[in-house]
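See structure below.
Side chains included, hydrogens not; waters and symmetry mates left out as well; all remaining heavy atoms used. Every value quoted in this text rests on a predicted model; they were computed, and no experiment measured them.
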Amino acid sequence: MNKALHPAPVAVNFGDVPLCCGLGISDTLKDREGAVYSGVTFHEIVELAENPQEVPKESALWVIPSDYREADARAHAVQAERGKLWLLPLDLDAGNPPLDVAMKLVRTVIGEGPTLVGYSTHGSSPEVPKSRVLVPLAEPVAGASWRLTVEAYNDLLETVSSGLLIPDEKLHSTGQVMFLPNRGEHYEYRIDPAGTIVGLNLTEDHPISIRREQLRLIEDEVKLSLSKRAVARMKQASKRGAGKDVIGAYNEAHEVEDLLARFGYQRKSPTSEHWRSPHQTSGSYATRVYEGMTSQYWISQSESDRKAGVGPATKQGGACHGDAFDLFVHYEHGGDFKAAVRGYAEAIGLGPKKPPEVTEGQRREVKERMQAKKAEPDEAESRVIESGAEDRTLQQRETARLDRDDPQYAEFCRRHGFEPGEMSGGIEEAVMREAMDNEIAPPLDLWGSFEAPDLPLGLLPKVIEDFALSQGRLKGIEPGAFAMAALACCGAVLDDKIILRPKVHDAKWQESARLWVMLVGDPSARKSPVLDAATWRAEEEHDRLMGNNATNLAQWNALPKDERATTPKPPLQWLILKDATPEASQELFMNAPKGLFMVEDEMSRFFGSMNQFKGGKGADRGYWTKAYDGKKFSANRVGRGHIVVPKLSMSMLGAVQPEVIRHVAMNTEDNGLVQRMIPVVMGSSGVDQDIPSGPETEAYDNAVGGLYLLRMPPDLAFLSFDADAQAIRQELALRHHKLKALDQLSNKLAEHIGKYDGMFARLCIIWHCLEHLRVEHPMKTPLAAQVTEDTARRVGDFMARFILPQAIAFYGSTLDLGQGFEGPQAVASYILTKKLPRITLREARSNVRALKNLKTPKEAEDVMATLVQFGWLVPVDGPRRDSREWTVNPAVHELYEDRARIEAERIERAKEGMQVAFARQK
């Protein structure tokens, strides 16, 4: 029976907020939709401490310290999404100190003032005391922040008690029940101070809040670091032609928990995630195991582990971290990373391949054939001669340093075999640290073709990333194409009334979630499957609208003629637009307050139909650009009079072949239509697998359906950025301004970058809505009024690491607009051939011919600024303009070692040519 302590309470303050409670551990309402759990307030918990129950544990009252009490309230994930938690708990089982000692230690952490309620649990005895201490909160903690809040609290308790207090970590979970006071063999309680109940106010400067933020930063940093390392390893494995990388293979085959036990770690309890390292001298359990997407990883808060070099150190919070392989390196190979790689590679047969033998007879036979034919050998003969050299190259690659594409400073040090901080030169080290903190992208290849980037991990909303990765594996197509197509679809189904005001003091600048995404690739890229997968749920909504249209029209046609004459014809409801001209689409826009979604698997039709009835003199391009901006449109139409569309709003997702878009861009009037599109350059696809799609696709489709029903809260006029997010927006706006001002960029690419400020706001809306969406009840989604710093930062990073590199690949390769790099190429050549760790403006102007010919220092500075923007240089502040200095990104000397040799040979040939010319003159 579910006894209601408070049928319909009215909360006056935190002590009167009804918290979710029930009777006995088996009390659950999970299958009773619409039911609500009972409520108990903190005041009543105090009363229960003074006058406890005295019943068997299976019948005792329990509480979840959350005010969310609906039928699914015992689900951890639901509470994490919807709950607000009002009690900070501490659960102490066997081996812990008496209650009064525990409460004094709690007081040390939380400070004077807040009320503490402590009581013995039902299984306590004088010999083995077990107790629980509750601290009421003046303001609740959101479910999403609960785990880190409790972990921060427990960390501080373990620290101040030198490991004497060992809190039960089950209470990290938002839906975990706690039994209320229930007298057993031994019972005692404490209320400190007695009298008026005072709640703990977790201000930003409270030790718990500070520690929570440290933990959040550490976890975010570690997730990003591990993702980057995994992607870098995948790239290296792909370059070597290997199916998997050595480290990835080790991590798949070994659980972190098994290795910790093997290497002498002590587990807090049989099911605990926390372990004590053999390096530790304190009693705390400072290492925690986490479940990653593909394998386990660990984070240690122990200074002893960090000093011992167990895994890479974090920049935040003095921690260290790693995966199973990092433990293998430290404990079985004494920290020798290369030896660990070689050892495990040989153990699983991924080691260097022995070059095949090429006999003297084979060489002689080929040589004789070449002499006989006086021609180049055929392909088969070439392979006989070159196979040994090729396999030796493969062997060199196998034993080369790993993670060479990862620009992070710690990874850079690790690959070169020394600890962060051992680099000579204080200025260089400081600049490198700052540069890597700002996550410099891998330096752009200024000589080669512009390659499209891989999809960065850990930045997209989870449902989008999971969908993209799953579909990419399923269909053998680049995940980035699925990700951008999904973002376009999510933006298209969102209500146009969900707007964001990017600036605090500019009410006229407002953005909705409209995106134009263009997939660019040859037929072998298989663009259509991407469109089909991303838009399936939107197409379902469109079909439903078409059915409504047919029903409404049939009902209208069935009316008597007189009645039909006075009844307006039902408007057409529409979502997806295909093969439409401006004239045909205007009526649809008038009846589409949410906006329309153009889906074109052949964008050649869209571009080819423009102005087709006007001899090239029409305004179709202007019409569609208004649709991108969501502008008002009006026109006088012969036979139909004056037409007004209050908001011409259209999202777009299309596919096009490179030669088609190249023709469009080069042979039509440029009004910025193409530059509004986010290009995604696709390579050839792989094998399409015939396997089930998995839950990720269903979750994405459900999210699209939920976004279609999502509405702006009635009390909210617009979304805005919080203060930290606003600072990020301003920083990005400055970066975009500097980028588009570079003389070396083509006008078309610069104009595309000019759209990034608005694009950033539009993407933030999509991120924000997806992360607040309640898929089960989308129309009840409590959409927060402000976009947070975390969202803004992830969107900004995604644009910098995926959208901008895609644009450079598109405009620099597909449209062949990469000219204008002679100056940066010349400086880059000088840097590589001289192996410079740094360069000054004076040195560059004195030694690089392309800069000598420039008229002003400002022009030379522009060339250096281009190298900064493309990841080659990091500026160092100097006292005078002509002493401007830059540190060279060390990655350039690794990545472009071959280019350095080519440039050195080119310069040497030029010198020899000059010497011959002068010798002839003499």
Side-chain angles (χ1 to χ4, degrees), residues 68 75-84 141-149 174 216-217 219-220 223-224 227 293 455-469 482-484 486-495 498-502 511-513 515 534 537 695-696 698-713 716 718-726 728-729 759-799 802:
Y68 180 78
H76 299 307
V78 174
Q79 285 288 5
E81 179 184 355
R82 305 178 189 178
K84 295 192 293 289
V141 174
S145 302
W146 181 248
R147 177 183 63 83
L148 285 179
T149 302
T174 49
R216 184 187 70 80
L217 292 173
E219 288 190 4
D220 288 350
K223 289 177 185 176
L224 182 59
S227 295
M293 288 185 64
L455 180 68
L457 302 180
L459 300 178
L460 286 161
K462 186 176 185 303
V463 68
I464 299 289
E465 181 172 298
D466 290 350
F467 166 75
L469 295 176
F482 286 103
M484 283 310 310
L487 288 172
C489 185
C490 288
V493 298
L494 275 170
D495 193 333
I498 299 178
I499 58 173
L500 185 147
R501 184 183 292 179
E511 297 286 355
S512 298
L515 295 179
R537 185 66 175 83
E696 299 88 354
E698 182 180 359
Y700 165 73
D701 289 335
N702 289 339
V704 172
L707 291 177
Y708 184 76
L709 297 174
L710 184 65
R711 297 292 182 269
M712 193 79 151
L716 193 60
F718 55 84
L719 303 175
S720 61
F721 292 114
D722 67 19
D724 293 329
Q726 183 63 237
I728 291 173
R729 185 201 67 77
M759 193 183 297
F760 169 72
R762 297 178 184 202
L763 289 167
C764 281
I765 296 173
I766 298 172
W767 257 251
H768 185 72
C769 291
L770 278 171
E771 291 172 355
H772 285 81
L773 179 66
R774 289 185 181 178
V775 173
E776 304 89 350
H777 306 289
M779 298 186 74
K780 295 182 180 179
T781 294
L783 198 60
Q786 291 195 315
V787 175
T788 64
E789 175 192 13
D790 176 69
T791 297
R793 187 174 302 282
R794 286 190 293 126
V795 171
D797 287 349
F798 182 76
M799 293 182 67
F802 187 77

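- The side-chain contact (heavy atoms from CB on, under 4.5 Å) search around Q726 returns V504, F721, R729, Q730, not counting sequence neighbours.
- Atom CG of D797 sits about 11.5 Å away from atom CG of L460, to the nearest 0.5 Å.
- By the ring-ring contact (aromatic ring centres under 6.0 Å, His included) test, F467 pairs with Y700, sequence neighbours left out.
- Residues passing the salt bridge (charged side-chain N to carboxylate O under 4.0 Å, His left out) test with D701, sequence neighbours excluded: none.
- Scanning all heavy atoms of the two residues, the minimum distance from G796 to F760 falls at N-CE1, 3.9 Å.
- Checking side-chain atoms of T781 against main-chain N and O of R774 turns up a donor-acceptor pair under 3.5 Å.
- Side chain of T149 to backbone of S145: a donor-acceptor contact under 3.5 angstrom is found.
- Taking 4.5 Å as the limit, some side-chain heavy atom of L457 sits within range of a side-chain heavy atom of L469.
- Residues satisfying the side-chain hydrogen bond (donor to acceptor under 3.5 Å, both in side chains) criterion with E789, sequence neighbours excluded, are R793.
- A search for salt bridge (charged side-chain N to carboxylate O under 4.0 Å, His left out) contacts involving E696 returns nothing, not counting sequence neighbours.
- In this view, A492 and F597, S651 satisfy the side-chain contact (heavy atoms from CB on, under 4.5 Å) rule, not counting sequence neighbours.
- Heavy-atom minimum distance, L455 versus A468: CD2-CB, 4.2 Å.
- For the pair V704 and C489, the minimum side-chain heavy-atom distance is below 4.5 Å.
- Residues meeting the side-chain contact (heavy atoms from CB on, under 4.5 Å) test with L217, sequence neighbours left out: E213, Q316.
- Scored by the side-chain hydrogen bond (donor to acceptor under 3.5 Å, both in side chains) test, Y68 finds E70, D72, R82 as partners (sequence neighbours excluded).
- At least one donor-acceptor pair closer than 3.5 Å links the side chain of R711 to the backbone N or O of L709.
- No side-chain heavy atom of D495 sits under 4.5 Å from any side-chain heavy atom of L710.
- By the side-chain contact (heavy atoms from CB on, under 4.5 Å) test, T788 is found to be paired with D722, D790, T791, residues two or more places apart in sequence or in another chain being considered.
- The 12-atom threshold is not exceeded at CD of E698, counting heavy atoms of other residues, nucleotides or ligands nearer than 6.0 Å.
- Between L783 and L719, some side-chain heavy-atom pair lies under the 4.5 Å cut-off.
- In plain terms, the two heavy atoms of A534 and A486 that are nearest each other are CB-N, 4.0 Å.
- Residues that satisfy the salt bridge (charged side-chain N to carboxylate O under 4.0 Å, His left out) test with D724, not counting sequence neighbours, are absent from this structure.
- Closest non-hydrogen pair, T174 versus H76, comes out as OG1-O, 2.7 Å.
- In this structure Q786 satisfies the side-chain hydrogen bond (donor to acceptor under 3.5 Å, both in side chains) test with no other residue, sequence neighbours excluded.
- The backbone N or O of G458 sits less than 3.5 Å from a side-chain atom of E465, completing a donor-acceptor pair.
- The distance from the CD atom of E81 to the NE2 atom of H772 is 10.0 Å, given to the nearest 0.5 Å.
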Which pairs would a plain distance check flag for residues 762-769, meaning a side-chain donor or acceptor within less than 3.5 Å of a matching protein atom at least two apart in sequence or in another chain?
residue : atom : partner : partner atom : Å
R762    : NE   : E511    : OE1          : 2.8
R762    : NH1  : R514    : O            : 2.9
R762    : NH1  : Y628    : O            : 3.2
R762    : NH2  : E511    : OE1          : 3.1
R762    : NH2  : Y628    : O            : 3.1
W767    : NE1  : L459    : O            : 2.9
H768    : NE2  : A784    : O            : 2.8

Checklist entry - Would L148 and E219 satisfy side-chain contact (heavy atoms from CB on, under 4.5 Å), going step by step from the backbone distance to the final call? => result CA-CA 10 Å; L148 285 179; E219 288 190 4; 3.5 Å; yes

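- Across all their heavy atoms, A703 and L770 have their closest contact at CB-CD2, 4.1 Å.
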